[in-house]
Amino acid sequence: MAKGSITMRVENLQKLLDQVQEIDEKGRKAVKATVRDVKSRAPGWIAQEVTQVYNIKKSEITPSSGKGAKPKKMAGSIQVRGETIEEMTITYSGRLLTPVHFGMTPKTPPAGKSYTLKMQVVKGQKKVIGRYKNTRTPGGPYSERSHNILMGTGNTKADGVGYIPFQRMSRTRTDIQKFTTISVPQMITSGKTSEKIMTRLQEETAKRLQHNLDRALGK
């Protein structure tokens, strides 16, 4: 199970905290309110930055929110720890995902027809990941070694995934390998997103702290 963590850093945090100390009790309340804000909002901020780069739905990487919200099926899990802004750590865990999460086409094998399997992990970069030929020649499902082709998962639930890409490694029916891509932890710590995520967290946390300070002082 892959993991990726983000430790909070806010560039102008010390300046804001100095202001907090000057206003004593009201300032402490503002900091507590900010910690609550960040804990609840940070996963959404991070998801917005991730989905700017990766072709995954925001709903798959953000937890359910609000009272009475039903748990939803996510591509990874999130833990937010820390009772102060400086100590706050956001940890993502999750397995390597199949192309189903990244706009895979086709989603089901067209009966009796050849097809080309495609996905788009990074937005704007659609890639061919497999080809199926409707014959018993090399490249088909009966070959000694196949391309990545759609095989049934046996999941018959309404919201279940019925087919994902597998590659047959030999003529033995059970010698198959599932095709996987990238995990949620890898997406949030990649060079494509990590700097933007940290900048977003810094900016949004500073805004929430200033907002709560102003509110505590009656501004």
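Any value given below was found using the heavy atoms of this structure, including those in side chains, with hydrogens, waters and symmetry copies removed. Every value quoted in this text rests on a predicted model; they were computed, and no experiment measured them.
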Could you walk me through whether V31 and L209 pass side-chain contact (heavy atoms from CB on, under 4.5 Å), step by step?
-> CA-CA 7 Å; V31 170; L209 181 53; 4.3 Å; yes
So which pairs with a foot in residues 195-219 pass ring pair (Phe, Tyr, Trp, His ring centres under 6.0 Å), sequence neighbours left out?
->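 The answer is none; no pair qualifies.
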For K39, salt bridge (Lys or Arg N to Asp or Glu O under 4.0 Å) partners two or more places apart |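 For K39 the salt bridge (Lys or Arg N to Asp or Glu O under 4.0 Å) partners, ignoring immediate neighbours, are E83.
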Please list, chain by chain and in numerical order, all residues satisfying salt bridge (Lys or Arg N to Asp or Glu O under 4.0 Å) with R81, sequence neighbours excluded.
->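 So R81 forms no salt bridge (Lys or Arg N to Asp or Glu O under 4.0 Å) with any residue.
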Could you pull out the closest heavy-atom pair between [X] and [Y], with the gap in Å?
X: I129; Y: P165; result: CD1-CG, 4.4 Å
X: S170; Y: D175; result: OG-OD2, 2.7 Å
X: Y92; Y: V184; result: CD2-CG1, 3.6 Å
X: I90; Y: A42; result: CD1-CB, 3.7 Å
X: T34; Y: T205; result: CG2-O, 4.1 Å
X: K133; Y: S114; result: CA-OG, 3.6 Å

Any donor-acceptor N or O pair under 3.5 Å, side chains H101, E60 =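 Yes, because at least one side-chain N or O of H101 sits under 3.5 Å from a partner of the opposite role on E60.
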Do S190 and Y54 have side-chain atoms, one donor and one acceptor, less than 3.5 Å apart?
->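 There is such a pair (donor and acceptor under 3.5 Å, judged by atom type) between the side chains of S190 and Y54.
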Validation row: [X], [Y] side chains within 4.5 angstrom (heavy atoms):
X: Q167; Y: N148; answer: yes
X: Q186; Y: L96; answer: yes
X: Q202; Y: M198; answer: yes
X: I164; Y: F179; answer: no

What is the distance from atom [atom1] of [X] to atom [atom2] of [Y], rounded to the nearest 0.5 Å?
X: L97; Y: S183; atom1: CG; atom2: OG; answer: 7.0 Å
X: T105; Y: Q120; atom1: OG1; atom2: CD; answer: 9.5 Å
X: W45; Y: T62; atom1: CH2; atom2: OG1; answer: 14.0 Å
X: L201; Y: R41; atom1: CG; atom2: CZ; answer: 13.5 Å
X: I78; Y: M74; atom1: CD1; atom2: CE; answer: 4.5 Å
X: L217; Y: N212; atom1: CG; atom2: CG; answer: 11.0 Å

List in chain and number order the residues that pass side-chain hydrogen bond (donor to acceptor under 3.5 Å, both in side chains) with [X], two or more places apart in sequence or in another chain; answer none if no residue qualifies.
X: D214; answer: Q210
X: T199; answer: none
X: T98; answer: none
X: E204; answer: R200

Tell me, with the steps shown, if I149 and F166 meet side-chain contact (heavy atoms from CB on, under 4.5 Å).
-> CA-CA 6 Å; I149 57 178; F166 283 90; 5.7 Å; no
Partners passing ring pair (Phe, Tyr, Trp, His ring centres under 6.0 Å) against Y115 (at least two apart in sequence or in another chain) =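 Y115 satisfies ring pair (Phe, Tyr, Trp, His ring centres under 6.0 Å) with Y132 only.
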Kindly indicate, with the supporting measurements, whether the criterion side-chain contact (heavy atoms from CB on, under 4.5 Å) is fulfilled by M187 and I182.
-> CA-CA 7 Å; M187 283 187 271; I182 190 172; 3.9 Å; yes
Hey, could you give me each pair passing salt bridge (charged side-chain N to carboxylate O under 4.0 Å, His left out) that has a residue in residues 179-195? Not counting sequence neighbours.
->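 As it turns out, there is no salt bridge (charged side-chain N to carboxylate O under 4.0 Å, His left out) pair with a partner in residues 179-195 once direct neighbours are skipped.
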Quick one: which residue pairs count as a salt bridge (charged side-chain N to carboxylate O under 4.0 Å, His left out) with a foot in residues 100-125, not counting sequence neighbours?
->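 Every candidate salt bridge (charged side-chain N to carboxylate O under 4.0 Å, His left out) pair involving residues 100-125 fails, so no pair, neighbours aside, qualifies.
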Could you walk me through whether L117 and V128 pass the side-chain contact (heavy atoms from CB on, under 4.5 Å) check?
-> CA-CA 6 Å; L117 200 56; V128 172; over 6 Å; no
Check whether any side-chain N or O of S40 sits under 3.5 Å from a backbone N or O of D37 as a donor-acceptor pair, and report yes or no.
->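 Confirmed, S40 side chain pairs with D37 backbone.
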Give a yes or no on whether the backbone of G191 and the side-chain of S194 come within a donor-acceptor separation of less than 3.5 Å.
->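 Not confirmed, S194 side chain does not pair with G191 backbone.
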Set of side chain to side chain contact (heavy atoms under 4.5 Å, CB included) partners for S77, sequence neighbours left out =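 Scan of S77 (side chain to side chain contact (heavy atoms under 4.5 Å, CB included), adjacent residues dropped) gives S93.
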Contacts of Y163 that satisfy side chain to side chain contact (heavy atoms under 4.5 Å, CB included) - sequence neighbours left out =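 With sequence neighbours excluded, Y163 shows a side chain to side chain contact (heavy atoms under 4.5 Å, CB included) to T108, P109, L150, given in chain and number order.
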